[in-house]
Amino acid sequence: MDPTRVMPYGDMPNDGATQLSFTLPVPAGEEAKEAARQLVAKMGFAEPSVAHMQDMGESFSFFIVYGRCTATVDYAAVRVPRAEFPLLDAPRINAMIAKLLGRRLKVFGACIESDAHTVGIDAIMNMKGYDGDKGLESYKEIEALNLGAQVSCEDLVSKVVTEGVDALLISQVVTQRDVHVKNLTRLVDMLEAEGLRERIILIVGGPRISQELAKELGYDAGFGPGTHAGHVASYLVFRLQQHEDEAPGNPLPEGSFHGSHD
Amino acid sequence: MDPTRVMPYGDMPNDGATQLSFTLPVPAGEEAKEAARQLVAKMGFAEPSVAHMQDMGESFSFFIVYGRCTATVDYAAVRVPRAEFPLLDAPRINAMIAKLLGRRLKVFGACIESDAHTVGIDAIMNMKGYDGDKGLESYKEIEALNLGAQVSCEDLVSKVVTEGVDALLISQVVTQRDVHVKNLTRLVDMLEAEGLRERIILIVGGPRISQELAKELGYDAGFGPGTHAGHVASYLVFRLQQHEDEAPGNPLPEGSFHGSHD
Amino acid sequence: MQLRLDRERIAAARELAAEIAADLDELITGSTTTSVERAYLRLLGLEGTDEHGVPLPNVVVKHIHDGDGLGRGVCYWVANAMYRHDLSLDEVAEGVETGALDLVSEKEEAPEKVMPVLDELAVLGLKKIDKQREKRERLQNELGVGKEPQLYIIVATGDVFIDASQARAGVLQGADIVAVIRHTAQSLLDFVPFSAVTGGVGGTYANGENFRIMRQAMDDAGREAGKYVMLTNYCSGLCMPEIAVLGAVERLDVMLNDSMYGIIFRDINMRRTLVDQYVSRMINGYAGVIINTGEDNYLTTADSFEAAHTVVASQFINERFALESGLKEEQIGLGHAFEIDPRKKNSLLYEMAQARLVRQLFPRSPVKYMPPTKYMTGNIFKGYAQNTLFNLASVLTGQSIHLLGMMTEALHTPHLQDRYLAIESARYVFDAADGLAKELSIKPGGRIERRAQKVLADAVKMLEEVASVGLMEAISRGMFADIARNPDGGKGQDGVVVKEPDYCSPFIDLLRDKEGSAHGSDASHAIR
Amino acid sequence: MQLRLDRERIAAARELAAEIAADLDELITGSTTTSVERAYLRLLGLEGTDEHGVPLPNVVVKHIHDGDGLGRGVCYWVANAMYRHDLSLDEVAEGVETGALDLVSEKEEAPEKVMPVLDELAVLGLKKIDKQREKRERLQNELGVGKEPQLYIIVATGDVFIDASQARAGVLQGADIVAVIRHTAQSLLDFVPFSAVTGGVGGTYANGENFRIMRQAMDDAGREAGKYVMLTNYCSGLCMPEIAVLGAVERLDVMLNDSMYGIIFRDINMRRTLVDQYVSRMINGYAGVIINTGEDNYLTTADSFEAAHTVVASQFINERFALESGLKEEQIGLGHAFEIDPRKKNSLLYEMAQARLVRQLFPRSPVKYMPPTKYMTGNIFKGYAQNTLFNLASVLTGQSIHLLGMMTEALHTPHLQDRYLAIESARYVFDAADGLAKELSIKPGGRIERRAQKVLADAVKMLEEVASVGLMEAISRGMFADIARNPDGGKGQDGVVVKEPDYCSPFIDLLRDKEGSAHGSDASHAIR
Ligand code: B12
Ligand code: B12
Ligand SMILES: Cc1ncc(COP(=O)(O)O)c(C=O)c1O
Ligand SMILES: Cc1ncc(COP(=O)(O)O)c(C=O)c1O
């Protein structure tokens with residue numbers, strides 16, 4: 001297998017075998033089938049073959065098509081942007097926070113705006129955690145507060161101001177019509193308008209969140225499916241460390257990662 | 001919906017929503033996922049998103065990806081090549097044969113070479129038929145003989161010579177490594193070499209056979225899934241009629257559609 | 001496939017539920033809310049919006065609430081103004097809108113004098129519902145209804161015309177019930193958005209216009225498919241009673257309606273939504289609507305195996321609340337779900353125990369059986385297999401309303417093909433196993449029975465605890481869905497008002513009187 | 001989940017099957033075939049090909065057959081030459097190849113004199129098999145085997161190295177048994193293609209090299225997966241006994257082996273394949289190989305519901321033939337299938353009746369349960385649902401060898417992901433319903449039981465008819481699979497030879513003697 005020219009493999013190496021399915025808004029029939037075939041051919045698949053056409057009523061037709069993918073990927077050259085940081089265990093995380101900050105790290109979590117899916121943020125924040133990995137509440141050097149569902153950006157920003165936090169953990173699960181992008185952008189804009197953005201670590205997570213998207217939207221890091229609290233805590237320490245490295249020997253002044261009341 | 005620019009429709013009209021699945025010969029991991037995403041992007045899908053990655057062992061990874069198809073098809077312009085002929089009922093077919101030919105039409109069916117899948121050809125030839133539609137044996141003006149499975153091209157061609165047939169119905173079901181194309185080509189070549197090709201109606205059928213492929217391979221017609229004997233019988237009459245039209249009033253001489261012994 | 005269950009225990013559960021409900025009776029019947037009052041205005045026929053697009057019922061009720069007069073009921077004030085100035089309802093509303101009228105500072109005539117001006121409107125309002133109810137019965141008799149388990153699909157595009165087209169396709173494919181999912185945060189809106197036919201996220205706005213459009217589409221599709229198609233929408237949230245009215249008037253057949261859901265999953269204030277629920281269920285009851293409750297959702301946040309009994313406990317409570325509002329058992333579609341982790345050994349065995357238990361506890365209720373959602377993944381094929389077993393569990397345990405599982409549950413709101421494939425698989429499984437349940441018996445004393453009995457026993461234990469601390473405290477302790485809410489938190493608290501002794505509404509009696517006051521009846525089959 | 005079945009009727013079926021087999025005993029034990037004789041040469045250690053690539057066993061046997069000497073057995077002629085010229089087996093073969101020797105025109109020494117020259121080779125040949133059998137037992141004890149229903153996957157790429165890699169992945173995913181499907185027309189080849197490791201169509205060539213490569217790959221993968229992986233190939237077709245030898249020597253664990261399949265679906269001559277089957281099963285038996293029969297295939301050509309009893313009737317006959325060859329019940333993997341039209345109402349109910357029936361009729365046999373194939377379509381999702389119910393039927397009715405259904409059955413030989421998804425769904429269903437069968441009973445006298453009883457009764461009726469006309473005539477009448485074959489038709493007829501009175505082969509006794517002559521025993525559990 002040539003790692004610089006990787007392609008799908010169904011029956012034989014490099015046969016490109018790919019399964020597709022989609023619905024066309026045309027009535028089922030020979031013309032519809034041919035349209036499906038042409039469509040897949042236009043997308044560059046060789047030998048497109050309609051395995052199944054189903055009349056779905058109301059002039060909708062469902063298709064299952066097989067074709068040979070003609071593209072290849074240089075697997076050797078694939079680079080995935082990710083937040084690169086060492087994974088630490090809880091005692092080490094606590095020790096590092098104590099050493100670097102000299103006080104507990106204050107972290108707020110919230111599922112913002114219309115989103116009411118708290119299971120993800122609960123998994124990260126709450127004692128119980130996820131998949132056997134305890135949440136941030138279990139870290140003695142972290143003061144974790146989970147604000148729950150449907151927290152408006154206004155409320156959240158005012159909490160950052162009044163209660164002072166080092167890090168905000170935002171969850172977004174509903175993504176239809178890109179509502180998550182709208183919500184996340186709104187929050188960053190408001191934090192920036194208040195001059196708070198640079199003073200906090202801003203993290204977002206959810207099933208459709210990637211590091212890439214997070215960066216694009218102005219967040220420090222993005223965490224997707226399967227994240228554990230340990231990842232997030234390690235990342236937080238990594239960021240504290242980074243700060244320390246940039247200003248070595250210089251203990252973090254109160255308020256540097258901390259919203260103050262001014 | 002603009003019929004000249006038809007594209008897939010999942011949630012909203014023209015959202016292009018398409019589901020793909022395939023296997024890549026690389027170990028599961030972030031790089032593999034990114035490779036899958038890139039591959040789908042290279043095929044022209046917008047917003048490719050990996051819904052699922054599964055380690056399958058042995059450095060194989062399975063992917064389910066959603067993307068937005070960007071191609072459109074001019075549905076209004078789609079033309080499907082098909083054998084255009086009127087569908088007739090059995091009495092009419094019998095009457096037409098009697099009138100046009102003045103004798104019974106002799107039809108042999110066979111599943112050729114290594115192929116042993118007779119269910120399809122049985123459905124067309126045998127009394128019992130398919131889906132409630134009786135086979136060619138049930139037509140009183142057709143003399144139908146089903147030679148069954150694994151008939152070698154040699155045997156078949158010699159039968160055409162010795163027994164004299166008007167039409168040959170060939171079935172091909174196994175298509176792996178294009179073995180059907182090889183078998184079908186071999187038969188046509190042998191019939192041509194013997195000077196028999198023009199004297200018979202040559203039809204092929206099977207789950208992966210289309211009119212297009214049939215024509216390409218030098219057959220008169222190709223029938224795919226869901227074919228009934230009635231279709232085939234109607235087509236045969238249509239061909240007899242065509243002949244009649246070309247030489248009007250001129251009854252078909254014995255032997256014209258009939259292999260003779262010379 | 002019958003489970004042997006302890007009848008004593010079931011009776012105990014019903015008694016505890018009655019106790020729990022009774023404990024809240026004073027709060028519930030002694031309070032009204034802004035949305036209850038708006039609902040009454042809607043029933044009286046008040047429609048339209050002001051120039052800012054605020055619905056007139058909101059304008060009027062806010063006006064009275066601001067004037068601290070809600071304790072007497074909006075109907076009183078409106079009637080008072082109508083009576084005094086000889087105005088129509090619309091004219092009164094207009095007066096409020098323009099500022100020409102200040103209802104609460106009007107001279108207060110005696111209720112006996114003013115209230116009769118509403119009689120005609122009230123009766124007219126209910127007539128609209130009567131008519132729809134009759135039409136439903138007529139159409140159901142004419143066309144018939146789907147066979148149980150009835151296939152329930154959802155549409156959720158955010159655009160009612162697209163919803164309608166996709167739903168019509170679904171009906172032609174075999175769906176019996178169609179639900180339009182609501183815009184993501186509509187339950188938090190304290191008004192019903194007018195003329196919002198497009199633009200919803202994760203669902204379409206619920207309002208009268210959209211109900212009407214869908215009703216028409218489903219009547220048409222149903223006629224084509226040869227059955228009466230049931231139409232569903234949501235009246236949980238801050239506008240429960242209003243949406244109940246809209247649903248009743250537009251002939252919806254099923255309404256999701258559950259305070260517990262609102263409290264727990266939408267952080268709506270307890271008092272607000274309990275009061276709203278009481279009135280909305282009276283309306284649902286009157287309209288012949290089937291309600292659906294949301295206990296199934298508990299298993300998405302709590303452990304889906306360990307918390308099985310919380311679903312059952314809540315169902316008993318919800319049944320009681322429903323009966324108190326005058327709903328009949330045949331209208332109480334309690335929710336439960338197939339949510340056990342598919343990686344758990346014997347998950348199907350436990351699911352069947354649970355599903356059969358619910359079916360036997362509420363034999364006359366059209367229980368709503370929810371598909372796997374929590375443990376669905378991006379692996380749509382695996383998901384399709386999970387849904388296949390769900391379909392099988394449903395037909396084997398004799399469920400009523402069968403929500404179709406979508407193989408893409410973890411990915412997006414249903415696409416056209418997802419819905420089609422879901423219907424296809426369910427029809428296949430229901431046919432394949434059509435008579436199978438009759439041919440199998442559950443081993444007495446075996447694991448299925450023991451599991452069902454344990455869930456029931458745990459539910460009774462939980463009901464005891466709830467009864468002893470009260471429902472609101474139980475919720476505060478996170479006893480449902482592992483989510484805690486406190487009585488003074490949540491949205492909409494400010495819309496709750498204690499009724500004055502001279503509180504007036506023409507509807508309470510009118511609604512209750514329907515069908516020989518089923519109100520407060522027992523579960524008739526009831527083992528108690 | 002137990003069916004009540006009529007023990008008398010089962011006993012009657014076994015008696016009729018014995019009659020049917022007895023009727024053919026003279027033909028079967030009184031004849032030999034070219035491939036039987038080639039198999040003996042292979043057992044004696046003759047390998048390699050001539051310069052045209054023709055395997056030496058073929059060269060030698062053809063030579064003797066051409067010389068009309070096959071009735072005495074190739075072993076006699078070879079031994080005669082070896083004895084007379086003091087040559088090794090290889091030297092004799094070389095002599096034949098070069099034309100230096102003409103075995104049948106040699107002076108014929110007395111068998112008592114010449115046959116002993118083969119003794120050592122014969123024992124050596126069987127030793128190779130003994131060793132493999134011991135190795136299998138050792139590895140199975142060490143690593144354990146898969147739990148029933150055992151997951152059986154196929155690979156069919158036409159290239160053994162690709163097969164091996166895909167099969168290894170399958171084992172890591174959870175497969176217990178791996179079958180390499182054969183090149184499309186290999187069963188019609190009258191020789192075993194040598195060194196054909198690639199280039200197969202619809203499957204890979206079956207030969208010693210490929211068996212060895214796969215065995216190694218499966219031993220490795222099995223070690224990694226922590227179980228002994230069973231390897232399967234096909235010894236139906238014109239080379240049945242030879243491939244049985246190759247399989248025995250290369251430690252295959254399962255071999256598809258069935259004359260009925262060859263006759264009906266491959267148009268192989270009846271006499272030829274019945275004789276071949278007899279000897280190949282002796283070899284399978286000796287090697288501890290499990291055979292698989294092909295009755296499941298009948299339902300792809302005949303009506304899958306109406307013809308259910310033909311499967312059962314054939315299974316009784318096949319069991320008898322297997323016992324006659326010395327196979328033990330634990331080695332007789334009779335085939336049946338989940339092939340009822342999924343559009344048929346109650347298909348699952350009938351499938352379960354049929355599957356449970358077969359399981360109870362042959363309780364000690366590792367029956368092979370085939371997935372839906374005939375009614376699979378291009379709709380891979382629907383197919384996935386069909387396979388999910390198949391998986392469920394399998395675990396509920398307690399099947400042994402579970403052939404995984406592929407969602408792409410109607411489209412292509414399995415792709416990597418098809419196999420993975422099939423394993424995943426089966427593992428999910430088997431876990432989800434692990435203990436379910438124990439918790440359910442079949443209602444006595446209900447539809448499941450009645451259906452099973454009817455199929456059994458019809459099978460007995462059919463066996464009566466077969467017994468009265470004889471098996472060959474029954475086949476001629478199209479009683480199996482709706483396909484008729486006549487005794488004098490089909491391929492390979494010219495390779496059948498009646499044994500002379502002085503026919504010799506050292507193997508018949510050696511093979512039978514193994515394990516205290518199980519030969520011809522009854523189904524030990526047998527109700528008869
Ligand atoms: C449970 C659930 C609900 C529950 C939520 C209960 C609750 N309190 O959370 C209830 C029943 C209330 C619900 C309601 C709705 N839901 Co919902 N729901 C789900 C469901 C079944 C599971 C979600 C879940 O709990 N996943 C488990 C957690 C652990 O996974 P996770 O969120 O991905 O979190 C992990 C990572 O992403 C990450 N992570 C997540 N957040 C964060 C944050 C940070 C900072 C970090 C570091 C990491 C991180 O770490 C977590 C652990 O690894 C999904 C379908 C599915 N199977 O995914 C639909 C789903 C999410 N819901 C959906 C919808 C549309 C709704 C509704 C809006 C429908 C409606 N119109 O009424 C409503 C309203 C809710 C609302 N306004 O948000 C859609 C969203 C479609 C889309 N992509 O836009 C889904 C996908 C279902 C569907 N196919 O339609 N839902
Ligand atoms: C039944 C079956 C068998 C039976 C065949 C019995 C028999 N006597 O026919 C048995 C068990 C023997 C068998 C064996 C094998 N099979 Co097979 N078999 C099937 C199966 C399950 C169904 C085929 C069928 O009967 N379809 C029903 C008929 C009615 O449909 P049809 O053939 O398409 O016919 C219709 C039309 O196409 C048309 N038509 C067909 N022929 C003609 C001819 C004319 C003239 C006309 C007008 C119309 C016409 O009209 C018919 C009615 O509408 C398919 C899987 C599937 N579900 O499709 C695999 C399948 C066809 N088999 C397959 C293979 C590989 C084999 C084997 C080669 C495997 C092996 N290596 O051992 C063997 C060997 C057989 C051989 N050499 O051909 C593959 C082929 C893969 C490919 N695309 O190349 C399939 C797709 C299974 C798979 N996924 O691997 N098989
Ligand atoms: C009882 C109930 N009400 C309402 C909803 C829908 O939520 P919303 O109120 O956000 O529309 C659900 C969803 O599952 C539910 O179960
Ligand atoms: C008993 C039996 N033998 C053999 C085969 C395979 O066919 P072939 O002999 O063509 O390899 C099958 C296939 O289903 C079978 O069931």
Side-chain angles (χ1 to χ4, degrees), chain A residues 19-28 36 52-65 110-123 126-128 130-131 146-152 155 172-183 206-208 224-226, chain C residues 156-159 164-175 181 183-189 199-203 217 221 224-225 264-268 297 300-303 374 377-378 380-381 407 410-413 415-421 423-424 481-485 489-491:
Chain A
Q19 173 266 325
L20 297 93
S21 77
F22 51 82
T23 297
L24 293 183
V26 297
H52 184 64
M53 172 177 65
Q54 174 66 48
D55 176 7
M56 296 201 297
E58 283 276 303
S59 288
F60 292 122
S61 301
F62 171 50
F63 294 93
I64 298 172
V65 181
C111 204
I112 61 169
E113 300 288 81
S114 55
D115 208 324
H117 291 89
T118 53
V119 180
I121 189 74
D122 291 350
N126 297 5
M127 188 58 77
K128 187 177 162 197
Y130 183 65
D131 236 4
N146 188 353
L147 301 172
Q150 303 175 162
V151 179
S152 70
D155 280 4
Q172 284 287 274
V173 174
V174 178
T175 57
Q176 217 221 13
R177 298 203 186 191
D178 281 339
V179 67
H180 62 310
V181 173
K182 279 172 216 144
N183 294 342
R208 291 282 163 271
Chain C
T157 69
D159 178 321
S165 143
Q166 296 193 11
R168 271 194 306 265
V171 168
L172 300 180
Q173 292 156 20
I181 302 297
H183 171 73
T184 302
Q186 190 180 342
S187 26
L188 305 184
L189 298 182
V201 173
E224 208 172 321
I264 293 168
F265 295 102
R266 290 325 215 130
D267 197 11
I268 291 175
N297 296 291
T300 66
T301 48
D303 185 282
K374 179 178 181 169
T377 64
I380 57 174
F381 295 100
M407 64 182 191
L411 303 176
H412 48 237
T413 48
H415 285 183
L416 275 159
Q417 66 199 50
D418 302 336
R419 219 179 278 120
Y420 168 74
L421 290 169
I423 293 173
E424 176 168 65
D482 279 0
I483 295 175
R485 301 289 184 199
K491 316 207 186 319

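Numbers restart at 1 for each chain; the letters A, B, ... are given by sequence-line order, proteins then strands.
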| field | Heavy-atom closest pair, residues A:Q150 and C:F265 | value | OE1-O, 4.3 Å
| task | Kindly give the heavy-atom pair with the smallest separation between A:R177 and C:T157, and that separation in Å. | result | NH2-O, 2.9 Å
So what's closer than 4.5 Å to chain A heavy atoms on [X]: side chain, backbone, both or neither?
X	result
C:Q173	side chain
C:T377	neither
C:T300	backbone
C:E424	side chain
C:A221	neither
C:K374	neither
C:R266	both

Pairs of heavy atoms under 4.5 Å with chain A: top-ranked of [options]:
options	result
C:L421, C:L172, C:L416	C:L416
C:A185, C:G158, C:G378, C:S165	C:S165
C:T301, C:I423, C:V201, C:I483	C:V201
C:D482, C:L188, C:V171, C:D267	C:L188

| remark: In this structure, CE of A:M56 is separated from CZ of C:R419 (nearest 0.5 Å) by 9.0 Å
| If you check every heavy atom in residues 110-121 of chain A against those of chain C, which residues fall under 4.5 Å? | A:S114, A:A116, A:V119
| said: Suppose a student defines contact as a heavy atom less than 4.5 Å from any heavy atom of chain C. Which residues in residues 57-65 of chain A would they list? | reply: A:G57, A:E58, A:F60, A:F62
| What residues, two or more places apart in sequence or in another chain, satisfy side chain to side chain contact (heavy atoms under 4.5 Å, CB included) together with C:A156? | C:I181, C:T413
| note | Checked A:T23, A:D178, A:V174 vs chain C; the most non-hydrogen pairs under 4.5 Å come from A:T23
| said: Using a 4.5 angstrom heavy-atom cutoff, name the option from A:S21, A:A149, A:P207 with the most pairs to chain C. | reply: A:S21
| query | Of all residues at least two apart in sequence or in a different chain, which pass the ring-ring contact (aromatic ring centres under 6.0 Å, His included) check with C:H183? | reply | C:Y205
